[in-house]
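Just below is one structure, and these are the notes that go with it.
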Amino acid sequence: MNLSQLNSQQVKAVTQTSRPVLIFAGAGSGKTRVLTHKIAYLINENLFSPQNIMAVTFTNKAANEMKVRVQAMLPQYNIHSMNVGTFHSIAARILRIEAKILGFTSGFTIYDTDDTQKLIKEIINEYQINIQGINPKTARYYISKMKNAFKRPGDTESEMSSNKDKQMAEIYRIYQEKLVSSNAMDFDDLLLHPIDLFVNFPEKLAHYQNLFEYLLVDEYQDTNSPQFEFIRMLASHHQNITVVGDDDQSIYGWRGADVQNILNFEQIFTNVEIVKLEQNYRSSKNILEAAHSVVATNINRAKKKLWTDNDTGEKISVYEALDERDEAKYMVSCIQKFVGRVKNNFNDYAILYRTNAQSRAFEESFIRSGIPYTIVGGTKFYARKEIKDILAYLRLVINEKDEVSFDRIINFPSRGIGETTLKKIKYRASQLGSSPWDALNGIASLDIRAQQKKSLFQFKGLIENLQSMRETVSPYKIAKSLVQYLDLENYYVIQNSPEDVDRWNNIEELLLGIKTFCDENPDSRLSDYLENVSLQTDIDNWNSSANAVTLMTVHSAKGLEFPVVFITGLEEGLFPLWSGDERNMEEEKRLFYVGMTRAKLKVVLTFAQFRRRYGGDSEIPMLKSEFIKLIPEHLIISDTTKRKQWDNSAIAYRDRIQEIRAHMHKDPGSSLSKQNGSYKEDGNYQEGQIVQHKMWGRGKIHDVEGVGEKAKLTIVFTGNVTKKLIAGYANLKIIE
DNA sequence: ACTTGACCTACGTTG
DNA sequence: TAGGTCAAGT
């Protein structure tokens, strides 16, 4: 085994296999390399077989990469049987096998946040819970919090005093019953059910302790209590475990992650070997120094400092923008300037922000400039209505008890099953003590009209038909025949609105995605596809090699690296988003530290004087983030020259816009282009015009909303690509 | 049963 | 802005 690429501490972390190992791995200190080498070492030294190694990563993408790397190091072994994945995917794999003993079937559905919220909403409506401070969202948070603290329904009822507390506990109880009767689990359950399994069936615990002989856990600082317990139960017996973490990068406290798990590690496991990786191979000296200067002000922190052999590098750029649009413009100009000078490819650049909502201004700016970009996370593809509808059919095919999916599609596309009919079905189900699906066995005896009966028979027949295919036919073929049967193309395209055309395009994209999955996993069944979809992380869907600038939250950027990183919206109340209590503030600082340390060569920090929220017109004055002030001046280069030049004109510009808006309010007929000479003469577009766009080529304007610079144009481009563009940004040429 | 439009509220990060 | 809700209209 060749360990010559590793430094002495890394070698120690890899070769210590007889004691539990706790690796403190600073940002960019090569922990991925250590983990892959260690796995390869364990196998190559004949200490453990691939099928007896379990490795927990933070994304599925990282899991796959790890497998590929280990396989490349050990071509003579088949490492396919190794158990690598996120906590959730590893737990789900166990639960598929052990479902029966826990009262589920192996086809149980995994409910995402959206499904969970729908279910809670339904409970609140059904039980007419109408109390101040209780809504689906707060109830969802409450339930998740309870679960992460191992509190089961009923556990807390004795402590409950207020009416609200009692109602919350009641919602939790019904919610959990509904999950069980729907043969479904939420994300938290995926971790709790394996623990229940291990507690209630010691022979199962023994089985998995024997199966997972060696455990490795990445991003250990972000494990929450159930995750820690899962690990503890599996590994405390044999103590074959290596965990890697960095307390400075703990950024998931809000979802129950506890840095204390690092301290607990030394209590649960005995004779722990602690290895510290303090050499950074990623960033320039300036970047490391600046990042450290912020996180070092945290009080609850083990004192330490990374060092690097890398160059001093460029200073940190700081830009004070007028507002979020100016910030976005600056970003574009920087990238245009940097391409060729700092780094050549667009995928060398990452734009990070604290909240997803900030991506919008950047997106508009990038479209206008023609710079290719990709957004990670945000409005998720699989969360779109048209996608969820199809997935709901497929889920019902696998798990007919799934009530959330049943509710979603029983009348989609509309088949005349309204609220009244659905209530009758549900009433029948409650009488039988069964799921709504089972209640459909007695359609004939339901007190509903003939038309509704016919619809329900057809619906039932469709699902049963698909069920007959689920074990033998590929997921792609099943999905395709479903879409064809429902005639969704016609359903959406016939309406011809750009939104509906978009929806149909998304469905085609979904089908393509299912096809790709089937090509990559030839023997997979429908249930495999659904599991893959439910447990995908944002990063899993990100193509890092595409030549495009990446836009994402700082949270999503954890574990990644880029030559050039922009951290944006550095304003009090945005980043840091919270400044109230010390604990939150320290986590915000760590988050900022994570963002800074993603960069290899260059960091650009930006903040705005004013920012619009909720997409409205009102601009809120903002204050420069304290984080920037914590960075020593000698590490910073301010982009103020440019600012001063157009500060006055920019403010005059903003005032003028506000004046015009006030005027427009009184006189809706007037447009900005008429009143303000600085706007483009050809800024007025009409329906039916043929226009030319830099990226999408020739297109026809289908709709114009608003006037002048701010008008939103719906344009159908060649190849039936529909886009909504802002007139002032679109840079269109009118052809005819 | 389903569609339309007025009105309200929300922008905190994820599996 | 945009998504959700509710009431009125078809």
Side-chain angles (χ1 to χ4, degrees), chain A residues 56-60 85-92 110-118 121 125 135-137 140-141 144 147-148 185-191 219 222-224 226-227 250-257 324 352-361 364 376-380 382-385 411-422 448-449 451-452 455 495 499 531 533-541 552-558 569 573-578 584 587-588 590-592 594-595 611-618 620 705-706 710 712 724 726:
Chain A
V56 183
T57 56
F58 213 68
T59 65
N60 298 296
T86 62
F87 272 111
H88 289 88
S89 64
I90 289 173
I110 299 169
Y111 280 174
D112 64 19
T113 313
D114 210 70
D115 304 317
T116 295
Q117 185 122 353
K118 276 215 156 71
K121 194 174 147 197
N125 286 340
N135 57 50
K137 204 174 160 185
R140 178 162 60 78
Y141 282 131
S144 184
K147 287 189 174 183
N148 281 326
M185 301 180 189
D186 63 21
F187 287 133
D188 296 321
D189 284 352
L190 287 178
L191 299 165
E219 306 286 4
D222 285 325
T223 51
N224 63 19
Q227 289 165 343
S250 160
I251 55 174
Y252 284 95
W254 51 273
R255 68 171 194 200
E324 78 283 350
L352 308 183
Y353 35 77
R354 181 63 178 80
T355 66
N356 280 306
Q358 288 165 257
S359 67
R360 201 194 180 88
E364 286 174 1
V376 175
T379 312
K380 293 175 185 67
Y382 293 99
R384 289 166 199 269
K385 185 198 172 294
N411 198 34
F412 174 84
S414 12
R415 46 172 74 86
I417 309 299
E419 208 184 334
T420 322
T421 310
L422 185 58
I448 52 176
R449 278 185 243 179
Q451 180 57 45
Q452 273 71 25
S455 286
Q495 308 189 38
E499 289 81 8
E531 168 130 342
V533 166
S534 337
L535 297 179
Q536 267 179 5
T537 68
D538 285 341
I539 290 295
D540 294 338
N541 296 310
M552 63 179 140
T553 62
V554 192
H555 279 93
S556 288
K558 192 175 77 159
L574 187 60
F575 199 2
L577 189 60
W578 312 99
N584 285 334
E587 184 153 313
E588 296 286 320
R590 292 192 294 266
L591 188 58
F592 182 70
V594 167
R611 192 170 285 276
R612 295 171 186 81
R613 304 192 87 183
Y614 306 123
D617 282 339
S618 56
I620 301 157
E705 294 170 61
K710 291 193 85 180
K712 279 203 303 187
K724 265 198 173 180
I726 313 259

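Numbered from 1 within each chain, the chains take letters A, B, ... in sequence-line order.
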Between [X] and [N], is there a side-chain N or O to OP1/OP2 distance below 4.0 Å?
X	N	value
A/Asn224	B/dG15	no
A/Thr420	B/dA1	yes
A/Lys137	B/dG12	no
A/Thr553	B/dT14	yes
A/Ser556	B/dT14	yes
A/Lys385	C/dA2	no
A/Arg612	C/dT1	no
A/Asn356	B/dC11	no
A/Thr59	B/dG15	no

Figure out the [atom1]/[atom2] separation between [X] and [N], and round it to whole Å.
X	N	atom1	atom2	result
A/Ile110	B/dT14	CD1	P	19 Å
A/Glu324	B/dC11	CD	C1'	13 Å
A/Tyr353	B/dG12	OH	C1'	14 Å
A/Leu191	B/dG15	CG	C1'	9 Å
A/Asn541	B/dT14	CG	P	13 Å
A/Ile620	B/dA10	CD1	C1'	12 Å
A/Arg384	C/dA2	CZ	C1'	14 Å
A/Leu190	B/dT14	CG	P	18 Å

Select one nucleotide: of [options], the one nearest the side-chain heavy atoms of [X].
X	options	result
A/Ala357	B/dG15, B/dC2, B/dC11	B/dC11
A/Leu577	B/dG12, B/dC11, B/dT14	B/dG12
A/His88	C/dG4, B/dG15, B/dG12	B/dG15
A/Trp254	B/dT14, C/dT5, B/dG15	B/dT14
A/His555	B/dC11, B/dT14, B/dG12	B/dT14
A/Arg360	B/dT14, B/dA1, C/dT1	C/dT1

*For A/Phe187 and for A/Gly418, locate the closest nucleotide of DNA chain B by heavy-atom distance; then report the residue assigned to the nucleotide nearer the 5' terminus.*
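The answer here is A/Gly418.
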*For A/Glu419 and A/Thr355, take the nucleotide of DNA chain B holding the closest heavy atom to each; which residue's nucleotide lies nearer the 5' end?*
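Final value for this comparison: A/Glu419.
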*Using the salt bridge (Lys or Arg N to Asp or Glu O under 4.0 Å) rule, pick out the option among A/Lys147, A/Arg140, A/Lys118 that qualifies with A/Asp186.*
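Exactly one candidate clears the test, A/Lys147.
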*asked:* Using a 4.0 Å heavy-atom cut-off, does A/Lys558 contact any base of the nucleic acid, only the sugar-phosphate backbone, or nothing at all?
replied: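 Answer is nothing: A/Lys558 stays at 4.0 Å or more from every strand.
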_For a quick check of understanding: with a heavy-atom distance under 4.0 Å over all strands, which category does A/Tyr252 fall into, base, sugar-phosphate or nothing?_
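Sugar-phosphate, backbone atoms only, no base.
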Tell me whether [X] contacts the main-chain N or O of [Y] through its side chain, where contact means a donor paired with an acceptor under 3.5 Å.
X	Y	answer
A/Asp222	A/Ala257	no
A/Gln117	A/Asp114	no
A/Ser144	A/Tyr141	no

Just so I know, are the side chains of [X] and [Y] near enough to count as touching, which here means a heavy-atom distance under 4.5 Å?
X	Y	result
A/Tyr353	A/Thr553	yes
A/Glu588	A/Arg354	yes
A/Leu352	A/Met552	yes

*Which stems does DNA chain B form, counting runs of 3 or more consecutive Watson-Crick or G-U wobble pairs with both distances under 3.5 Å?*
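Correct response: B:1-10 with C:1-10.
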*Within the stacking criterion (centroid distance below 5.5 Å, interplanar angle below 30°), does A/Tyr614 stack on B/dA10?*
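Ring-base stacking flag set for A/Tyr614 and B/dA10.
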*How about A/Thr537 and A/Asp540: does a side-chain donor come under 3.5 Å of a side-chain acceptor?*
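A donor-acceptor contact under 3.5 Å links the two side chains.
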*Cation-aromatic face contact A/Lys558/A/Tyr252, 6.0 Å, 45 degrees*: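 No, cation not above the ring by the 6.0 Å, 45° rule.
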